[in-house]
Amino acid sequence: MRRSTVKELFTDREVNTDVLLKGWVRTKRGNKQVAFIAVNDGTIIHSIQVVADTDKFSEELLKNVTTGCSLAVQGKLVESMGKGQKVEILAESIEVLGKSDPEVYPLQKKGHSFEFLREIAHLRFRTNTFGAVFRIRHALAFAIHKYYNDKGFFYLHTPIITASDAEGAGEMFKVTTLNLDNVPKNEEKKVDFTKDFFGRPTNLTVSGQLEGELGALALSSIYTFGPTFRAENSNTPRHVAEFWMIEPEMAFCDITDNMDLAEDFLKYLIDYVMKNCKDDLEFLNNMVDKELLERLQFIVDNDFVRLKYTEGIELLKKSGKKFDFPVEWGLDLQSEHERYLVEEEFKKPVILTDYPRDIKAFYMKQNDDGKTVRAMDVLFPRIGEIIGGSQREEDYDKLVARMREMDIPEEELWWYLDTRKFGTVEHSGFGLGFERLLMFVTGMTNIRDVIPFPRTPNYAEF
RNA sequence: UCCUCAGUAGCUCAGUUGGUUAGAGCGCCGGACUGUUAAUCCGUAGGUCGAAGGUUCAAGUCCUUCCUGGGGAGCCA
């Protein structure tokens with residue numbers, strides 16, 4: 001007999017038919033006459049109840065049915081006699097596929113702290129919360145591809161190992177095959193990278209943007225969706241050393257088009273998840289964050305505020321609020337400032353644009369005022385900056401001048417500059433942190449709980 | 001990296017101004033119960049009090065250093 005998933009049993013299968021179920025036991029209850037076994041196979045948040053008459057099964061067998069073990073159950077799908085579920089399986093045969101010693105199995109029926117579950121990240125998939133989170137993670141990844149595919153964007157695979165060190169998005173992890181116990185040195189007593197695998201220093205990418213621009217300046221619209229790496233010693237609930245980023249890049253597109261896309265994209269994704277992950281979101285709304293669904297709906301229903309950095313500074317100064325950090329034109333906004341604008345002043349997402357050039361990256365398009373660049377940050381309640389992007393500088397001379405001012409080696413980015421030499425066009429793009437979005441969508445408050453295997457300073461278990 | 005709070009049973013925690021043999025709930029195990037829903041009721045087992053030093057007649061409790069975790073900050077996505 002073909003196995004039915006729990007999802008199929010709840011949605012597709014007719015009652016009073018014979019079914020085969022396979023899954024893992026969540027709980028077992030009962031008495032001398034009957035045992036109730038909740039079985040979950042991860043296809044859906046709900047577990048299905050298996051009812052076993054004790055006179056049909058040996059004591060030995062039922063003894064091995066413990067929390068965490070895997071089972072194959074053949075039986076009849078019937079309407080439940082008890083309250084709490086519509087259908088259940090009346091077991092005719094039960095096979096324990098893999099035992100689970102209850103003395104040492106770490107998951108119990110009662111809830112665990114997320115901190116504890118992080119220490120058993122290899123088993124936390126078997127909890128309701130993490131099942132929900134990782135099903136939603138999948139749905140969101142799928143929705144991202146669907147969104148861009150439907151819009152005619154091409155999925156571009158930018159390199160994970162990169163030789164350019166110029167992006168400036170943060171500390172990079174070195175990639176090398178050199179023997180660290182005996183590193184070859186050159187005449188200047190520096191590391192001789194000509195002996196290394198690539199014959200030059202290489203790192204893990206911090207962003208696919210520069211390569212993404214190359215694609216967009218030929219294919220019109222591309223997006224990347226892949227892992228990125230930051231070797232920063234950041235210890236916060238919003239940072240990991242390895243995370244996934246989505247970076248669309250569009251030719252013939254200015255900052256307004258860019259903002260429109262960012263807003264439409266975020267709303268689409270949230271709407272998609274609300275329509276396709278109802279059960280999981282409802283569970284999270286009940287167990288993790290009581291305002292989750294309300295907040296998600298609010299994002300979909302409301303326009304984002306669009307505000308220039310200069311106006312933002314004025315609002316902060318006028319607010320009369322005491323901040324720990326100074327508010328002054330030319331200084332970057334601190335978390336507390338962003339939070340004030342999003343959570344108190346407007347109470348909705350804010351897109352801040354036209355930041356001072358000196359606090360932003362070299363590639364951003366310079367405005368005519370000579371002071372600001374066409375940067376845009378999308379700020380969300382609770383998590384802060386969820387998107388960072390800009391219109392790119394397409395003018396060769398302006399771009400080179402800016403690189404020289406900021407000491408960025410032109411020879412290393414000769415290929416990037418070539419696109420401005422040969423048929424340059426207006427173009428824009430942004431980067432969305434996948435895990436940050438997932439935090440917002442699931443209500444989880446620690447980024448380590450929305451990525452299956454988090455990598456943080458001093459931690460790379462599993 | 002800085003600030004701050006915490007680390008006691010498998011999990012979540014309590015533990016008085018330092019004072020006898022270290023406490024609970026849940027889980028596990030054993031028992032009871034004719035349909036349970038994080039079942040209920042009874043009982044048993046389970047501890048190098050994060051680690052190392054120190055103060056003291058006496059340290060889970062005070063001091064020092066280190067380790068680990070949470071929250072906040074910086075860096076950013």
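Just so you know, these numbers use all the heavy atoms, side chains as well, and skip hydrogens, waters and symmetry mates. Because the structure is a prediction, the values reported are computed rather than measured. So you know, we letter chains A, B, ... as the sequences are listed, proteins then strands, and number each from 1.
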Full working for salt bridge (Lys or Arg N to Asp or Glu O under 4.0 Å) between A/Asp279 and A/Lys7: CA-CA 11 Å; A/Asp279 289 351; A/Lys7 189 178 183 183; over 6 Å; no
Pick base, sugar-phosphate or nothing for [X], based on heavy-atom distances below 4.0 Å to the nucleic acid.
X	result
A/Gln85	base
A/Leu432	nothing
A/Phe243	base
A/Gly111	base
A/Glu242	nothing
A/Ser80	base
A/Arg238	base
A/Val104	nothing
A/Pro237	sugar-phosphate
A/Met245	sugar-phosphate

Nucleotide by nucleotide, 5' to 3', does protein get under 4.0 Å of the base (B), only the sugar-phosphate (S), or neither (-) in nucleotides 25-33 of chain B, counting heavy atoms? -SSSSS-SB
If you only use heavy atoms from C-beta on, which nucleotide in [options] is closest to the side chain of [X]?
X	options	answer
A/Glu232	B/G69, B/G35, B/C75	B/C75
A/Phe36	B/U68, B/U36, B/G74	B/U36
A/Tyr459	B/G74, B/G35, B/G69	B/G69

Specify whether A/Tyr147 and A/Phe265 have parallel, tilted or perpendicular ring planes, treating 30° as the upper limit for parallel and 60° as the lower limit for perpendicular. tilted
Residues A/Asp289, A/Arg295: salt bridge by 4.0 Å N-O rule: yes
May I ask you to say whether A/Asp260 pairs ionically with A/Arg306, meaning some side-chain N is under 4.0 Å from a carboxylate O? yes
Close aromatic pair by centroid cut-off 6.0 Å: A/His122 and A/Phe453: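 They do not qualify: ring centres at least 6.0 Å apart.
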For residues 92-112 of chain A, which residue pairs pass the ring pair (Phe, Tyr, Trp, His ring centres under 6.0 Å) check, not counting sequence neighbours?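 Found A/His112-A/Phe116.
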Does a nitrogen or oxygen in the side chain of [X] sit under 4.0 Å from OP1 or OP2 of [N]?
X	N	result
A/Arg339	B/A73	yes
A/Arg29	B/A38	no
A/Arg448	B/G70	yes
A/Gln49	B/U36	no
A/Ser234	B/G74	no

Going by side chain to side chain donor-acceptor pair (under 3.5 Å), name the residues that satisfy it together with A/Arg448, two or more places apart in sequence or in a different chain. none
Spell out yes or no: do the side chain of [X] and the base of [N] have one donor N/O and one acceptor N/O closer than 3.5 Å?
X	N	result
A/Asn235	B/U1	yes
A/Glu115	B/G71	no
A/His112	B/C11	no

Residue matched to [N] through Watson-Crick or wobble contacts both under 3.5 angstrom:
N	answer
B/U1	B/A73
B/U40	B/A32
B/A14	none

Beyond-backbone contact of A/Lys308 with A/Tyr355, side-chain heavy atoms, under 4.5 angstrom: no
Minimum heavy-atom distance A/Pro227-A/Ile160, with the two atoms named: CG-CD1, 3.9 Å
